[in-house]
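The structure appears right after this line, and notes come after that.
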Amino acid sequence: MSFPVDVVVMAAGKGTRMKSQRPKVLHRLGGRALAQHVIDRAARLSARSVVVITGHGAEQVEAGLRAPIAEGDHVAPRLRFVRQEPQLGTGHAVQQAVPVLADDGIVLILNGDVPLIGQATLESLLQACDGRHLALLSVDTGGDATGYGRIVRSADADRSVLAIVEHKDASEDQRRITEWYSGVMAAPASVLKPLLAGLTNDNSQREYYLTDVVRHAVAQGLGVRAITTHDPVEVAGVNSPVQLAELERAYQQRLAHALMEQGVRLADPARLDVRGELLCGQDVEIDVNCVFEGRVKLGEGVRIGANCVIANAAIDDGAVILPFTHMEGEKLGVSVGRGALVGPFSRLRPGAQLGADVHIGNFVEVKNSTLAAGAKANHLAYLGDATVGERVNYGAGSITANYDGANKHRTVIEADVHVGSNCVLVAPVTIGAGGTVGAGSTISKNTAPGVLSVARGKQVALESWKRPEKKK
């Protein structure tokens, strides 16, 4: 694109049919706010700036949106907010952005509650604008267009755009038109600004309609072009919980098909939820009813069982995650090593780092702990703030008591330790390499390597002991 692009995002509306205190554009689709999808789309267009027009719940909206992240060699567009107070129509909204829009660019106007518009569609619209024309995105599905502004075209062969007539102001003949305006427009700033200045509120709603700029442009002999999409999903807005749910399903279906095109095997693409970013290597299998949140990376050959919830996690090649496992990485993240086996019914909390071939079984919780290669905690256990060495076997019913009521402390279990069932390791404590903690023990003092440690009450006995050899 030879002209710089400045994107204006309309995000001032209240959305009364949402029946929510949250501003409409902050309702989430695929884990992100509706308007955030639109802002991020601007970055993929290499936009120079993004101007978000806020009104209802302005402080919430401005706090709830972030600047897009630069992709590849592109520079991230600058994010700015302007407020529309009071809300006097769509034309009045864009008028508020005029002081921060440079005259040398193309202004691309998008709706903050229309998150799925395609990049290719927007690129075609910018090409139609070409730095000289007013370009509109229209929709024609051949069906009912109730509630939308109708595209009125000339009767001659070129079918040029004459006006957009809002539904409430349309005649009966105009209401039979099936082509309607999507709310998306591109125009040179030098052309758009005078058209906005000429708007009036001489209509049934006593509002300043952005759509009236088309009529004024035609009257002044300016070129008006319209490109048409026949995909209603990419221009679908959200005005109710029903519409939000419908759009969520459409969004998830698109993601599922994209994953399958990459080679991911989904047991049922209709039962997948990605609420963030899901990156998959080759030969990944995902069973039904899985939810992925934040940024999740699955290595080659990873298998995810049914009904798992995985957030902000990296799972290395060949790992198997059995059903009903929960991973909650949050800021610290969760990492699962190559060939590890986790689940069923396991919980990995922030800071859980599992090495290669680690086994975490049913009803085991791991938080802020590192488990080295080959370590196992197969049944009903808790590991919090722990460093676990290679080949450790951690018994059923055992816990690390890491919190003393004021501070958290670390437990160190060195390589080749066996911890029996129903043990309590009271941090800070270190269990020496190659040792064994007898079943039912409470250990609150460091133990030497290679010994059997048995604690009852306040007494700790360290006995010379040789571990039985494994039967062949």
Side-chain angles (χ1 to χ4, degrees), residues 28-32 241 244-330 332-354 357-369 371 376-384 396:
R28 303 180 81 79
L29 178 85
R32 286 182 291 163
L244 180 61
E246 290 172 347
L247 207 58
E248 180 72 41
R249 282 300 95 212
Y251 174 74
Q252 295 298 338
Q253 184 180 42
R254 292 185 176 197
L255 282 179
H257 280 263
L259 288 169
M260 291 187 292
E261 287 292 328
Q262 297 167 20
V264 178
R265 293 187 291 278
L266 302 177
D268 183 352
R271 288 188 283 173
L272 171 77
D273 278 275
V274 179
R275 301 170 186 173
E277 184 180 18
L278 177 61
L279 305 174
C280 297
Q282 291 184 332
D283 294 318
V284 168
E285 297 181 13
I286 301 174
D287 209 334
V288 299
N289 298 330
C290 290
V291 178
F292 299 91
E293 299 181 349
R295 190 175 192 273
V296 177
K297 184 176 181 181
L298 306 181
E300 294 184 2
V302 168
R303 289 165 46 202
I304 308 294
N307 302 294
C308 291
V309 179
I310 300 175
N312 296 305
I315 301 174
D316 210 344
D317 299 349
V320 176
I321 312 301
L322 295 175
F324 294 99
T325 292
H326 282 222
M327 300 185 189
E328 308 153 23
E330 297 180 2
L332 292 177
V334 165
S335 62
V336 177
R338 182 186 296 266
L341 178 64
V342 181
F345 295 100
S346 300
R347 186 183 184 195
L348 304 184
R349 293 174 58 197
Q353 300 179 43
L354 311 186
D357 300 311
V358 166
H359 289 190
I360 298 296
N362 49 291
F363 304 107
V364 176
E365 180 179 334
V366 181
K367 189 270 296 182
N368 195 30
S369 297
L371 281 73
K376 298 179 181 180
N378 281 325
H379 320 281
L380 191 64
Y382 173 68
L383 283 160

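Note that the structure is predicted; figures quoted are calculated from it, not measured.
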Taking atom CD of Glu248 and atom CG of Leu29, what is their separation to the nearest 0.5 Å? 4.5 Å
Taking the side chain as every heavy atom from C-beta outward, state whether Val302 and Asp317 have any atom pair closer than 4.5 Å. no
Pick one: which of Ile315, Leu348, Val336 meets side-chain contact (heavy atoms from CB on, under 4.5 Å) with Ile310? Ile315
Within this structure, what is the CD-CZ distance for the pair Glu285 and Arg303, rounded to the nearest 0.5 Å? 6.5 Å
Heavy-atom count check: over 12 atoms from other residues, nucleotides or ligands less than 6.0 Å from Arg32 CZ? yes
Main chain of Leu383, side chain of Ser369: is a donor-acceptor contact present, judged purely on distance under 3.5 Å? yes
Side-chain heavy-atom pair Glu277, Phe292 within 4.5 angstrom cut-off: no
Less than 4.5 Å apart, side chain to side chain, heavy atoms only: is that true for Leu354 and Ile360? yes
Who are the side-chain hydrogen bond (donor to acceptor under 3.5 Å, both in side chains) partners of Asp287, not counting sequence neighbours? none
In terms of side-chain geometry, is the basic nitrogen of Glu328 or Arg347 positioned less than 4.0 Å from the acidic oxygen of its partner? yes
Kindly indicate whether the side chain of Leu278, heavy atoms from C-beta on, has any atom under 4.5 Å from the side chain of Leu298. yes
Pair Lys376 + Asp357: basic N to acidic O under 4.0 Å: no
Separation of Phe324 CZ from Cys290 SG (nearest 0.5 Å): 10.0 Å
